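Residue numbers begin at 1 in each chain, while the letters A, B, ... track the order of the sequences. Values reported hereafter were calculated over all heavy atoms of this structure, with side chains retained and with hydrogens, waters and symmetry mates removed. Owing to the predicted nature of the structure, the values given are computational and were not obtained by experimental measurement.
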Amino acid sequence: MEIFQVVGSLVCTQRHPGMNNLPLRVLKDRKGKFAVAVDTIGSREGNWIFTISGSAARLALDDKKILTDLTIGGVIESWE
Amino acid sequence: MEIFQVVGSLVCTQRHPGMNNLPLRVLKDRKGKFAVAVDTIGSREGNWIFTISGSAARLALDDKKILTDLTIGGVIESWE
Amino acid sequence: MEIFQVVGSLVCTQRHPGMNNLPLRVLKDRKGKFAVAVDTIGSREGNWIFTISGSAARLALDDKKILTDLTIGGVIESWE
Amino acid sequence: MEIFQVVGSLVCTQRHPGMNNLPLRVLKDRKGKFAVAVDTIGSREGNWIFTISGSAARLALDDKKILTDLTIGGVIESWE
Amino acid sequence: MEIFQVVGSLVCTQRHPGMNNLPLRVLKDRKGKFAVAVDTIGSREGNWIFTISGSAARLALDDKKILTDLTIGGVIESWE
């Protein structure tokens with residue numbers, strides 16, 4: 001899993017039907033790398049979150065046919 | 001998912017039969033990294049798009065036997 | 001597999017139900033890259049460990065429905 | 001998919017039996033990163049090609065038991 | 001597949017039972033990136049080898065339950 005900060009929500013003019021209407025978040029890591037993830041837990045701009053990639057990202061959704069390769073796994077409070 | 005800009009269409013002299021005749025787009029991200037993706041939604045040069053990778057890229061196609069590892073998931077309008 | 005050092009445990013305010021209550025470790029490699037992994041072997045802060053990624057990360061857990069893409073595979077003593 | 005140039009053929013003193021005798025090409029991308037791919041379309045040194053990774057790389061071969069994670073998908077003529 | 005040089009064998013104080021007692025090699029590529037791979041072909045320190053990643057890494061082992069994501073595919077003699 002990787003650590004990112006949520007920087008916003010993605011608005012699309014066209015979208016593959018397999019993406020459904022799931023909320024998509026734009027993420028940025030500490031080195032400035034961007035990514036896009038499906039959000040099922042209600043993260044907000046500024047939150048630090050961790051992501052689940054690959055086939056596990058699909059298993060995280062109720063509908064396994066959704067075409068994601070990255071899903072938000074949790075909102076980080078801190079690490080000890 | 002990752003964010004790229006469409007820079008053109010790919011023309012091949014030889015092509016693996018498992019790629020069919022699907023349109024292939026050449027993509028470039030903000031750091032100058034190139035990638036090639038199957039396009040099923042009709043993206044155009046200059047569009048910013050997001051991509052779906054891995055086995056999900058194949059599930060995005062009507063014919064699951066197509067040998068892609070990267071498919072365009074949507075055209076980005078903006079992020080909030 | 002990749003080599004990381006354990007830098008702490010991850011505390012979340014929200015967590016995808018598919019992550020269960022499994023211990024999550026924050027990891028850092030020699031180049032300063034961070035990652036998060038499920039720990040089933042009891043690694044401790046400061047330990048150098050190696051990680052198993054992808055679908056194998058899920059197979060490493062008793063419950064294959066856990067949504068991990070990275071699991072700690074062992075604590076490194078040294079290499080010859 | 002990714003873009004590489006073919007720089008040569010790989011000669012091995014030992015080879016995992018699951019690799020069979022398939023031709024292996026050494027590839028180099030624009031940033032100098034090397035990779036090794038199975039070639040089923042007869043690419044030649046100097047060709048610019050694109051690669052298919054992951055489980056799709058195996059599906060590209062007649063024998064699905066071949067242990068590749070990267071297969072050449074086509075020879076690039078140009079992009080528009 | 002990727003190209004690495006074998007720099008040693010990995011010794012662990014704790015090991016996930018799913019890793020069995022298979023020999024693990026520490027690898028280093030030309031840019032100084034480290035990785036750990038299962039070795040089934042008897043590579044030695046100093047050898048240049050190529051690796052198979054992902055689910056193919058597991059298929060390379062007689063026991064498909066072994067939790068590897070990287071297996072050595074062959075020892076490189078040269079490339080032409």
Interface moiety of [X] toward chain A, non-hydrogen atoms closer than 4.5 Å:
X        : result
Ala37(C) : backbone
Ser53(C) : neither
Leu24(C) : side chain

Any ion pair linking Lys33(C) and Glu2(C) (charged N to carboxylate O, less than 4.0 Å)?
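A salt bridge is present here (some side-chain N lies under 4.0 Å from a carboxylate O).
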Could you pull out the closest heavy-atom pair between Val7(A) and Leu27(A), with the gap in Å?
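Shortest heavy-atom separation between Val7(A) and Leu27(A) comes out as CG2-N, 4.3 Å.
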Nearest heavy-atom pair of Ile52(C) and Ala56(C): which atoms, and what distance?
CG2-CB, 3.5 Å
Max heavy-atom pair count under 4.5 Å with chain C, selected residue of Ala60(A), Gly73(A), Gly74(A):
Ala60(A)
Side-chain heavy-atom pair Asp29(A), Phe34(C) within 4.5 angstrom cut-off:
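No - every pair of side-chain heavy atoms lies 4.5 Å or more apart.
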Tell me, out of [options], who's got the most heavy-atom pairs with chain A below 4.5 Å.
options                                : value
Arg25(C), Arg58(C), Gln14(C), Arg15(C) : Gln14(C)
Ser55(C), Gly8(C), Cys12(C)            : Cys12(C)
Thr51(C), Val38(C), Leu70(C), Leu67(C) : Leu67(C)

Quick check on Thr40(A) against chain C: is it the side chain, the backbone, both or neither that has a heavy atom closer than 4.5 Å?
side chain
Heavy-atom distances under 4.5 Å only: say whether Ser43(A) touches chain C with side chain, backbone, both or neither.
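Neither the backbone nor the side chain of Ser43(A) comes within 4.5 Å of chain C.
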Checking Met1(A) against Thr68(C) for the side chain to side chain contact (heavy atoms under 4.5 Å, CB included) test, could you report, in this order, the C-alpha distance in whole Å, the side-chain angles of both residues, the deciding distance, and whether it holds?
CA-CA 7 Å; Met1(A) 286 83 77; Thr68(C) 183; 3.5 Å; yes
Donor-acceptor pair, side chain of Gln5(A) and main chain of Gly46(A), under 3.5 angstrom:
yes
Would you say Asn47(A)'s side chain and Ile49(A)'s backbone share a donor-acceptor pair under 3.5 angstrom?
no
